[in-house]
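Structure first, then comments.
Order of appearance sets the numbers: ligands from 1, and atoms from 1 within every ligand. Numbers here simply count residues along the sequence, with the first being 1.
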Amino acid sequence: MFLEYKDAHIFYTDKGKGNPIVLLHGFLENSSMWLPFITSLSKNKRVICIDLLGHGQTDCLGYIHTMELMAEAVEAVLKKLKITKVIFVGHSMGGYVALAFAEKNPEMVKGLCLMNSTAQADSSERKKNRDRAILVVKQDYKMFVNMAISNLFRPKNRILFSEEIKQIKKEALQTPLQGIIAALEGMKTRKNREKILQIASYKQLMIISKKDPVLDYDSLINQTINTCVKVVEFPDGHMSHIENKEDLLNTLMRFVEKI
Ligand code: MLT
């Protein structure tokens with residue numbers, strides 16, 4: 001289904017009845033990443049998956065997609081569906097968007113799961129890498145996407161999941177150049193939101209992968225110290241929905257069933 005928001009069409013799916021869960025994909029992904037999880041999750045929950053700005057079937061809205069702007073598009077979808085309280089599960093960039101949403105609308109959040117994501121802002125090193133990535137993607141879009149996707153997996157899993165990786169690359173190559181650059185700019189300028197982990201009164205979970213090539217394990221663990229955030233650890237890389245699929249489903253089912 002589509003919602004018209006500002007100048008963009010926002011694509012979303014809506015399945016099941018019960019407490020709403022909003023699933024937000026990461027950079028270069030789209031809502032289809034959640035397909036293997038929707039049937040189980042929607043047995044007694046309402047599951048909404050949204051293509052974030054410039055990804056999947058959702059249009060771009062200008063040249064920088066800040067996490068706040070992406071969160072506003074999510075808010076518009078929820079408003080249209082007359083949903084006032086949600087459980088968020090955000091994969092990586094989707095987690096950044098969920099945090100931006102939670103900062104603006106804490107009263108609408110019933111639970112927050114950051115999956116292979118972080119509440120910290122980009123370090124200066126990471127910001128430089130974003131600028132480099134923007135140059136590379138402008139020069140050779142296909143090479144950038146292929147490399148970016150491979151680098152998300154634990155090295156030994158790049159062979160094990162080669163078929164899945166092929167499919168993910170195919171999906172990622174549908175992301176328009178403008179969407180890629182706008183997301184890189186948006187992630188680069190995002191705020192530190194560790195405060196949310198410290199003060200939130202709703203249930204929070206961080207799914208942390210020990211061999212995540214994108215995020216540093218120790219720094220993620222540090223974010224949860226002296227907070228009520230529950231931690232679940234997986235042994236593999238950044239793509240838990242592929243690399244630790246069954247464990248992820250069980251973890252998510254457990255997380256949402258008690259809310
Ligand atoms: C993602 O998977 O969404 C990205 O790797 C996040 C990031 O680059 O910070």
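If you check the side chains of E233 and S209, you find no donor sitting under 3.5 Å from an acceptor. Counted by atom type alone, S150 and K169 present one or more donor-acceptor pairs between their side chains at under 3.5 Å.
Residue contacts with ligand 1, taken as heavy atom pairs separated by less than 4.0 Å, do not involve K188 at all.
Note on ring orientation: taking the six-membered ring where Trp is involved, the planes of F27 and F144 are perpendicular (angle over 60°, cut-offs 30° and 60°). Note: H241 and H91 have perpendicular aromatic rings, judged against thresholds of 30 and 60 degrees for the angle between ring planes.
Close approach of ligand 1 to R126 is summarised as follows: ligand atoms under 4.0 Å from at least one heavy atom of the residue are 7 (C), 8 (O), 9 (O). Interface atoms of ligand 1 facing H238, defined by a heavy-atom separation under 4.0 Å, are 1 (C), 2 (O), 5 (O). Atoms of ligand 1 found under 4.0 Å from any heavy atom of M93 (numbered from 1 in listed order, with element): 1 (C), 3 (O). Here is the list of ligand 1 atoms found below 4.0 Å of a heavy atom in M187: 6 (C), 7 (C), 8 (O), 9 (O). Atoms of ligand 1 found under 4.0 Å from any heavy atom of Y96 (numbered from 1 in listed order, with element): 6 (C), 7 (C), 9 (O).
The pair E107-K85 fails the salt-bridge criterion, with no side-chain N (NZ, NE, NH1 or NH2) lying under 4.0 Å from an Asp/Glu carboxylate O. Contact check on E68 versus R193 returns a salt bridge, with a Lys/Arg side-chain nitrogen under 4.0 Å from an Asp/Glu carboxylate oxygen.
Not a single heavy atom of H25 sits under 4.0 Å from any atom of ligand 1.
Around atom 6 (C) of ligand 1, the closest heavy atom drawn from S92, G90, A133, G26 belongs to S92.
Checked by distance only, ligand 1 and L152 stay at 3.5 Å or farther apart across all their nitrogen or oxygen atoms. Some N or O of R130 is nearer than 3.5 Å to an N or O of ligand 1, by distance alone.
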Problem set entry | side-chain hydrogen bond (donor to acceptor under 3.5 Å, both in side chains) assessment of N30 paired with H25 | CA-CA 6 Å; N30 62 63; H25 63 81; over 6 Å; no
